[in-house]
Novice: 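Got a structure here, written out as structure tokens. Questions coming.
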Amino acid sequence: MKKIYPDAASALDGLLFDGMQLCVGGFGLCGIPERLIDALQENGVKDLTIASNNAGIDNEGLGKLLRSRQVKKMISSYVGENKEFERQFLSGELEVEFCPQGTLAERCRAGGAGIPGFYTKTGVGTQVAEGKEVKKFDDEDYILERGIYADLCLIKGWKADKAGNLVFRKTARNFNAPMATAGKICVAEVEEIVEVGELDPDAIHLPSIYVKRLISGAPYDKKIEFRMTRERQVS
């Protein structure tokens, strides 16, 4: 089966439709599938529901899709420093389902494992619990959270072999691993594709069975959300 594609647009060909739900890996600008996000923007697919930790920053990452009004709903942990995300939410232009980070990761992991729902104490007694079933276990309240299973998962890895086995690098592993399994089809972009056998089997973070399509997006310009510096002290 063909797994490696020449670019993001071809890797997404035939997979996109208006109103679809996506799981998108990354945290801020770290570990985001930026080539695939750009291809979504160029395609113009709209009314998207996207589960992702946040929406990048203004005009970067998923922030690009907010600017182009392609997103109908975000399932996210925080608005963060994305002013357009904040503006659209406060003005009622964008539906937002806030979800604690750990709960969001577990909802994606559960969806990928075929678990439709689970109980957690996180969010009990807060707005997060509104409208959700509450059940007692050992005299403690827990709320029911639904697993997430999307039409399409977009993730970013560090290295992959030609079979599609993936390795993530440091904090870029974040939400990519659980989201990779939480959908019908997973498309991955990586910085380097190597021959089968070059990756240490014990170092594989995501087995190839989960990766249906793969691209190399290099070279990447590693962007920083906030650059904080101080003047060098001269003695």
Novice: May I ask you to say whether E97 pairs ionically with R107, meaning some side-chain N is under 4.0 Å from a carboxylate O?
Specialist: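 Yes, this pair counts.
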
Novice: Quick check: do F175 and C23 have side-chain heavy atoms less than 4.5 Å from each other?
Specialist: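 The answer is no; the side chains never approach within 4.5 Å.
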
Novice: Run the numbers on L62 and L65 for side-chain contact (heavy atoms from CB on, under 4.5 Å), then give the verdict.
Specialist: CA-CA 5 Å; L62 291 173; L65 301 183; 3.9 Å; yes

Novice: Might you point out which heavy atoms bring P33 and G25 nearest each other, and give the distance in Å?
Specialist: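 Closest heavy-atom pair between P33 and G25: CD-O, 3.4 Å.
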
Novice: Should the heavy atoms of other residues, nucleotides or ligands under 6.0 Å from CD1 of I115 be counted, would the total exceed 12?
Specialist: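 Above 12, so yes.
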
Novice: Please name the residue in the list K121, K132, K136 that meets the salt bridge (charged side-chain N to carboxylate O under 4.0 Å, His left out) test with D141.
Specialist: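 Option passing the salt bridge (charged side-chain N to carboxylate O under 4.0 Å, His left out) with D141: K136.
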
Novice: Does a side-chain N-to-carboxylate-O contact under 4.0 Å join K72 and E93?
Specialist: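 No, no charged N to carboxylate O under 4.0 Å.
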
Novice: Do L48 and M20 have side-chain heavy atoms sitting under 4.5 Å apart?
Specialist: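 Side-chain contact under 4.5 Å: yes.
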
Novice: Honestly, is R173 close enough over F27, meaning NZ or CZ under 6.0 Å from the six-membered ring centre and within 45° of the axis?
Specialist: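 No, a cation-pi geometry is absent between R173 and F27.
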
Novice: Is the closest side-chain donor-acceptor distance between S10 and D7 under 3.5 Å?
Specialist: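 Side chains of S10 and D7: pair found under 3.5 Å.
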
Novice: Any chance you could lay out the side-chain contact (heavy atoms from CB on, under 4.5 Å) test for L22 and D151, step after step, and finish with the verdict?
Specialist: CA-CA 6 Å; L22 299 95; D151 298 300; over 6 Å; no

Novice: Membership question, hydrophobic clusters at under 4.5 Å side-chain separation (ILVMFWY): are L12 and F17 in the same one?
Specialist: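 Same cluster.
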
Novice: So, taking the atom named CG in L40 and the one named CZ in R35, what distance separates them when rounded to the nearest 0.5 Å?
Specialist: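 Between L40 CG and R35 CZ, I get 14.0 Å after rounding to 0.5 Å.
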
Novice: Provide the closest heavy-atom pair for V190 versus W158 in the form atom of the first, atom of the second, distance.
Specialist: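 For V190 versus W158, the nearest heavy atoms are CB-O, 3.8 Å.
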
Novice: Determine whether Q21 and I148 satisfy the following criterion, side-chain contact (heavy atoms from CB on, under 4.5 Å), listing intermediate values before the conclusion.
Specialist: CA-CA 10 Å; Q21 179 168 331; I148 293 175; 3.5 Å; yes

Novice: With K159 as the cation and F168 as the aromatic partner, state whether NZ or CZ is under 6.0 Å from the six-membered ring centre and within 45° of the axis.
Specialist: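 Judged by the rule (NZ or CZ under 6.0 Å from the ring centre, within 45° of its axis), K159 is not positioned above F168.
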
Novice: Between N165 (side chain) and I204 (backbone), is there a donor-acceptor pair under 3.5 Å?
Specialist: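 Pair absent, no side-chain N/O of N165 close to backbone of I204.
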
Novice: For residues 96-116, which residue pairs pass the ring-ring contact (aromatic ring centres under 6.0 Å, His included) check, not counting sequence neighbours?
Specialist: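 For residues 96-116: F89-F98.
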
Novice: Sub-3.5 Å donor-acceptor pair from the side chain of T126 to the main-chain atoms of V128, do we have one?
Specialist: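 Yes; at least one donor-acceptor contact below 3.5 Å.
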
Novice: Would you mind reporting whether N53 and N174 have side-chain heavy atoms less than 4.5 Å apart?
Specialist: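 N174 vs N53: side chains apart.
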
Novice: Are the side chain of T103 and the backbone of C99 linked by a donor-acceptor contact shorter than 3.5 Å?
Specialist: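 No, T103 side chain to C99 backbone: no donor-acceptor pair under 3.5 Å.
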
Novice: Working to the nearest 0.5 angstrom, can you tell me the gap between L199 CG and D161 CG?
Specialist: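 Reported to 0.5 Å precision, the distance equals 5.0 Å.
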
Novice: Can you confirm whether more than 12 heavy atoms, excluding those of K46, are under 6.0 Å from its NZ atom?
Specialist: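 Open: at most 12 neighbouring heavy atoms sit under 6.0 Å from NZ of K46.
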
Novice: Hey, could you give me the CD1/OG distance between I75 and S52, rounded to the nearest 0.5 Å?
Specialist: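 OG of S52 is found 10.5 Å from CD1 of I75.
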
Novice: With a 4.0 Å cut-off on N to O distance, would you call K156 and E34 a salt bridge?
Specialist: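 Salt bridge flag = no for E34 with K156.
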
Novice: In terms of hydrophobic clusters joined by side-chain contacts under 4.5 Å, are L16 and I215 together?
Specialist: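 Shared cluster, yes.
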
Novice: Check whether L94 and V45 end up in the same hydrophobic cluster, where Ile, Leu, Val, Met, Phe, Trp and Tyr are linked by side-chain heavy atoms less than 4.5 Å apart.
Specialist: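 Yes, same cluster.
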
Novice: Tell me if the OH atom of Y142 is crowded by more than 12 foreign heavy atoms within 6.0 Å.
Specialist: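 More than 12 heavy atoms, drawn from other residues, nucleotides or ligands, come within 6.0 Å of this atom.
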
Novice: Do K2 and Y5 meet the cation-pi criteria used here (NZ or CZ under 6.0 Å from the six-membered ring centre, within 45° of the axis)?
Specialist: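 Relative to the ring axis of Y5, which defines the angle, K2 lies inside both limits.
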
Novice: Keeping the roles fixed (side chain from E189, backbone from L36), state whether a donor-acceptor pair exists under 3.5 Å.
Specialist: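 It does hold such a pair.
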
Novice: Same cluster or not: L152 versus V71, using hydrophobic residues (I, L, V, M, F, W, Y) connected whenever any side-chain heavy atoms lie under 4.5 Å apart?
Specialist: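 L152 clusters together with V71.
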
Novice: With rounding to the nearest 0.5 angstrom, report the CD to CD1 distance, Q70 to I50.
Specialist: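 Nearest 0.5 Å value for the CD-CD1 distance: 8.5 Å.
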
Novice: For L166 and I155, run side-chain contact (heavy atoms from CB on, under 4.5 Å): C-alpha distance rounded to whole Å, both residues' side-chain angles, the deciding distance at 0.1 Å, then the answer.
Specialist: CA-CA 10 Å; L166 255 68; I155 65 167; 3.7 Å; yes

Novice: For Q41, does its backbone N or O pair with a side-chain atom of K64 as donor and acceptor, under 3.5 Å?
Specialist: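 No; zero donor-acceptor contacts below 3.5 Å.
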
Novice: Of all heavy-atom pairs between A172 and G31, which one has the smallest distance, and what is that distance?
Specialist: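 Closest heavy-atom pair between A172 and G31: CB-CA, 3.8 Å.
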
Novice: Got E84 and R67 here, is their nearest side-chain heavy-atom distance under 4.5 Å?
Specialist: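 E84 vs R67: side chains touch.
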
Novice: Which heavy atom of A110 sits nearest to which heavy atom of G147, and what is that distance?
Specialist: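 Minimum heavy-atom separation between A110 and G147: CB-CA, 4.4 Å.
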
Novice: Taking the side chain as C-beta and beyond, is there a heavy-atom pair between L214 and I193 under 4.5 Å?
Specialist: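 L214 reaches I193 side chain to side chain.
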
Novice: Does atom CZ of R146 have more than 12 heavy-atom neighbours from other groups under 6.0 Å away?
Specialist: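 Not more than 12 within 6.0 Å, no.
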
Novice: Just by modelled atom types, is the T181 backbone N or O under 3.5 Å from a matching donor or acceptor in the Y210 side chain?
Specialist: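 No: the side chain of Y210 does not pair with the backbone of T181.
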
Novice: Mind listing the closest non-hydrogen atom pair of G26 and I32 along with its distance?
Specialist: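 It is CA-CG2, 3.9 Å.
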
Novice: Grouping I, L, V, M, F, W and Y whenever their side-chain heavy atoms are under 4.5 Å apart, do L90 and L66 come out in a common cluster?
Specialist: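 They do share one cluster, since a chain of ILVMFWY contacts under 4.5 Å joins L90 to L66.
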
Novice: Quick check on side-chain contact (heavy atoms from CB on, under 4.5 Å): which of V187, I185, N176 does L154 satisfy it with?
Specialist: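 Answer after filtering V187, I185, N176: V187.
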
Novice: Is a donor on one side and an acceptor on the other found under 3.5 Å between the side chain of K3 and the backbone of V211?
Specialist: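 Judged by distance alone, yes, a pair lies under 3.5 Å.
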
Novice: Just to verify, which of K135, E133, E140 counts as forming a side chain to side chain donor-acceptor pair (under 3.5 Å) with Y119?
Specialist: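 It is E133, the one option of K135, E133, E140 that forms the side chain to side chain donor-acceptor pair (under 3.5 Å) with Y119.
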
Novice: Any donor-acceptor pair under 3.5 Å linking the side chain of D58 with the backbone of N82?
Specialist: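 Looks like no, no N/O pair under 3.5 Å.
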
Novice: Closest approach of S77 and P100, non-hydrogen atoms and distance?
Specialist: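 Nearest heavy atoms, S77 then P100: OG-C, 3.6 Å.
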
Novice: How many angstroms lie between atom SG of C153 and atom CE of M179, to the nearest 0.5 angstrom?
Specialist: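 One finds 8.5 Å between SG of C153 and CE of M179.
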
Novice: Between E191 (side chain) and S216 (backbone), is there a donor-acceptor pair under 3.5 Å?
Specialist: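 No, the answer is negative, given that no donor and acceptor are paired below the 3.5 Å cut-off.
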
